Amino acid sequence: MNDDIFQRHSAFRFHGSWLEFARIAFPNLLLTIVTLGIYRFWATTREREYLWSKTEFIDERLEWTGKGIELFIGFIMAFLLIGLPLIVIQLISQGLIFRGETILAAVITLMMFLLLFYLTGVAYFRALRYRLSRTYWRGIRGGSDDPGFQYGLAYMWKSMVGWLPIFLLVPWSMISLWNDRWNAMSFGPHRFSATAEWKPLMKRYLLFYLVPFLLFIGAVVFGISMAASGGTPDALGGTGMAVGAIFAIIGVLSFYLFLPLAALAYYSKYFRLAVGGLRLHNLEFDFRARAPDWILFFLANIAIIVCTLGIGYIFMPYRNWKFFVDHMEAYGEINVDELTQSETVVAKHGEGLLDAFDVGAI
Amino acid sequence: MSTFFDAWHYDGKSAVRRKVEVQIIGTQFYLLETERRHGPFAFSDVEYVTHKVDADVYGLKATDGWRLMLSGPVPADLNAMLPARRNYGGWVDRLGFGKAAVAFTLASAAAVAIVLLSPQWLAPLIPDSVDEKLGDALVGDFGGRFCSTPAGDAAMKKLVASLDANPDDLQVEVAKIDMINAVALPGGNVILFDGLVKQARSPDEVAGVLAHEIGHVREKHVMQALLRQMGLAVVLGGIDGNSGALVNNMLSMSYSRESEAEADAHSMKALGGANISPIGTASFFDRLSEMDGSASSSTSDNGIAGYMSSHPLSRSRKDAFEKSIVKGKNYKPALTPTEWTELKTMCTQDRKAKSGFGFDFN
């Protein structure tokens, strides 16, 4: 296939409309409520079916073939294998504290924490694997033969290394884990190659990291200059106090404003680098959203949720997916004759672990 | 019989899109390309996959990625052979949205009702041996915190015997913990904290609290609460995170209020039977109400605060105990002055008992 098509518009295009999505999301919400939440697995599946079918890659729509029952079984498994043992362990450690075996209780609690930490890593991996294995394009799907148990270990030690030097290596651990995850994935006969670099991320990370210190220094400098320009707030009387209070409020606000902004600026760069380092055979990927796009996106999300008194929350899957697809780019070419079926195994259950830990994928 | 109809086809082996004609022969069909014939395929193996753009997409059982995409008006004879479209998922589609929503609502309400009401009948069915084992596992020797002196133990034994007809299956202990509290645990274990005994002004006060905890044991409240919590955790497990926990707490809280009232009633009855004046217990709650602040509000407007807390407000409990006083009745003290002193100083005398919890510093 020749790809002059790429010059005209992105290889990825989204054709959905929020009105159509509303016709899926509202009945989903109702059914989820009346089933005490059990329907949400089928709800998620219906939403993905819609979003995938409205996503065009080059000249064909994507297909989501996951089933609600798979998510449900995954959830039940996570509950039986992790939830119940956790409750029992908690009871035991409470009993141990009662009996004065505090050290043993602490050891058990630590073990429990480590196990959860490990399983969170495995969960991230398996959620990505599940999603790729249920995503079809022209009858071809993705997947991975790796069960993700090794990745769980990598997740543990790389996160630890990221945190150890006062959290300064977090960008390294994030990028490195992204690469580990995607290098284990494939689509059709081709393996993904993920070679994102972490060093270009450091400047943004330091910005985020230093925001609290910069604000603090700013406040100190301001205080000194106030003092130097004559008079403590006391000497200025009531007006001085009022001015001081206003500046204090601005200080607090800017802390709550600048920190999320800096975090978004960092995440925007992270995602751009991470996707930019991805390759699938002769295809290269790119994510074009920059920091202002992310900030506008999040402000709009907050506005939608607040203005609808929270109901707008049900549109978040739609908005997230649209934002993702709208900014995805692919370059290169695909030979459809060579793009043969994936031979990876297909797990019969999805995302249970991830669902249990309540974390997002990708 | 043979019908031809234009369609698109992916064979699931490669990503090549094929324009085919569907040729129906009985319950089977072929897909004809210009120079190739695919099939035969059985209609019974065809599954509905999804709808995209203007086409219905069908798959084939056990052939990964096989797709048949039909758009435009499908001939009646072909349509009759194809599986039905899926919208919400199996059950909902079969019942219709409205009926399914009503059915789910009823089923959910029934599930919650069973979980809330059944512990009352189930708890007595649980064998005492299970109850005892659970109690032993949970309490043990309480980390060596139980106080014991010959005279103190005798005083406690006398107190328990006066309040309960079967004192042998109760294990009442005083723990060297400086908190004004008492707990009933599985297996007939009742633990009075030393802080409560020390601040009591008369043995009658301790008798009232002890009779209350014995009430919890006799009414099987501990096992009921345990079963109810477990049931709610399972039923509300589908609702994620905070909202589930909130609902869970609200429901179990309203039941524990009921249990507290029952235990109070049991206490008043036991005090009456033992000829111990309830005035001591009333004055104990009076002092507690000064601590929890319910004394400051008038009795009429403590509705909300009283409903949200698991223990009825001390103020209203004081009133109830005061009302249970029978005028002219010849009450006698629960213990003799010597016995009372022995019980009160038991933990001070017993130097072997460990104090506090393992994790505090005294």
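Below, chains carry the letters A, B, ... as their sequence lines are ordered, and counting in each starts from 1. What you see is a predicted model, and the numbers here were worked out from it, not measured in a lab.
One distance of note links CZ of A/Phe187 with CD1 of A/Ile140; it measures 7.5 Å at 0.5 Å rounding.
Both the backbone and the side chain of A/Arg61 come within less than 4.5 Å of a heavy atom of chain B. For B/Ala107, no part lies under 4.5 angstrom from a heavy atom of chain A. Using a 4.5 Å cut-off between heavy atoms, A/Glu56 does not touch chain B at all. Looking at B/Phe104, the atoms closer than 4.5 Å to chain A (heavy atoms on both sides) sit in the backbone and in the side chain alike. Interface remark: B/Val57 contributes side-chain atoms only to the contact with chain A (heavy atom separation under 4.5 Å). Contact annotation for A/Thr35: both backbone and side-chain heavy atoms come within less than 4.5 Å of a heavy atom of chain B. Looking at B/Arg17, both its backbone and its side chain come within 4.5 Å of chain A, counting heavy atoms on both sides. Using a 4.5 Å cut-off between heavy atoms, B/His51 touches chain A through its backbone atoms (N, CA, C, O) alone. With a threshold of 4.5 angstrom between heavy atoms, B/Thr50 approaches chain A through side-chain atoms but not through N, CA, C or O.
Applying the salt bridge (charged side-chain N to carboxylate O under 4.0 Å, His left out) test to residues at least two apart or on different chains, none of the pairs has a partner in residues 71-86 of chain A.
Annotation: A/Phe72 is in aromatic contact with A/Trp42 [ring centroid separation under 6.0 Å]. Centroid-to-centroid, the aromatic rings of A/Tyr318 and A/Trp18 stay 6.0 Å apart or farther.
By the 4.5 Å heavy-atom criterion applied to side chains, B/Asp64 and A/Tyr136 are counted as neighbours. Residues A/Leu116 and A/Leu86 meet the side-chain proximity criterion, which asks for heavy atoms closer than 4.5 Å.
Between chain B and the residues A/Glu63, A/Lys67, A/Glu49, the largest count of heavy-atom pairs under 4.5 Å involves A/Glu63. Ranked by heavy-atom pairs under 4.5 Å with chain B, the list A/His15, A/Glu338, A/Arg141 is led by A/Arg141. With chain B as the partner, the residue from A/Ser53, A/Gly68, A/Pro27 showing the most heavy-atom pairs under 4.5 Å is A/Pro27.
By the neighbour-count criterion of 12 heavy atoms within 6.0 Å, atom CZ of B/Phe97 is densely surrounded, having more than that number from other residues, nucleotides or ligands.
Listed by chain and residue number, A/Trp182 satisfy the ring-ring contact (aromatic ring centres under 6.0 Å, His included) test with A/Phe192 (two or more places apart in sequence, or in another chain).
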